[in-house]
Amino acid sequence: GERFLVLMREHLAVLALRAPVEALRLDADGAVVEPGRSGDLFGDPGEARASAALLLERLRARLGAEAVHAFDIHADHRPERAWQVSEPGSASAAPADALLPRPAWLLREPRALGSLRGLALVSGPERIESGWWDGEDVRRDYYVARAPRAGLWWVFERLDAPGGWYVHGYFG
């Protein structure tokens, strides 16, 4: 005759049936609680690392390993040098000033503003004076500014000649 697998609680039984199965019915005495499983909306936090690794491998397989990078915080106060491309999963410890508000989107080159007309300074200044040892020194006061209909900008006032105001990045 026919064989049928039955799962009852944590036991698997094989039953020999005299006729084909025409219907199934599930009976339960109550809810089954599985220890170690997350009951939150976002799934099991223990599986997050495995899911991230799987996503990384899929991206590398489709795009090529050389096209998939991570960004790592680099110990330099100058914003344009404060990050570097790294191997995914190899992030180093963040320096203390990494906790300051910095935008994820930096411009390749800061763009001159001319004036702050229309911008409202929300926070700052954060003074950055660094780089004198390698000939690429900067002297700037950074501010978070709110732009009308454009969100938050990261702007700075250049402290050395010729001075002026610049936008260096945008907050998402």
Let me see the working for Trp153 and Phe171 under side chain to side chain contact (heavy atoms under 4.5 Å, CB included), right down to the final yes or no.
CA-CA 6 Å; Trp153 293 8; Phe171 290 90; over 6 Å; no
Least distance between heavy atoms, Gly118 atom then Pro148 atom: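 Result for this residue pair: O-CD, 2.9 Å.
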With rounding to the nearest 0.5 Å, note down the distance linking [atom1] in [X] to [atom2] in [Y].
X: Leu113; Y: Trp165; atom1: CG; atom2: CH2; value: 9.0 Å
X: Leu56; Y: Arg58; atom1: CG; atom2: CZ; value: 12.0 Å
X: Leu119; Y: Arg146; atom1: CG; atom2: CZ; value: 11.0 Å
X: Leu55; Y: Arg60; atom1: CG; atom2: CZ; value: 11.0 Å
X: His168; Y: Ile128; atom1: NE2; atom2: CD1; value: 9.0 Å
X: Leu121; Y: Tyr143; atom1: CG; atom2: OH; value: 6.5 Å

Requested in this report: Would you list the pairs meeting side chain to side chain donor-acceptor pair (under 3.5 Å) in which at least one residue belongs to residues 111-124, sequence neighbours left out?
Outcome: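 Sorted pair list: Arg111-Tyr170.
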Open item on the list: Under 4.0 Å between a side-chain nitrogen and a carboxylate oxygen: does that hold for Asp160 and Arg158?
Closed with: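 Yes.
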**Study point:** Test: Asp141 and Arg127 ion pair at under 4.0 Å
**Key:**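 Looking at Arg127 together with Asp141, the answer is yes, because their closest N to O distance falls below 4.0 Å.
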Would you call the rings of Tyr166 and Phe156 parallel, tilted or perpendicular if under 30° counts as parallel and over 60° as perpendicular?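 Rings of Tyr166 and Phe156: parallel, as their planes differ by under 30°.
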Exercise for the section: Verify the cluster assignment for Val167 and Leu159: are they in a single hydrophobic cluster under the rule of side-chain heavy atoms below 4.5 Å apart? Expected result: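 No; Leu159 is not reachable from Val167 via cluster members.
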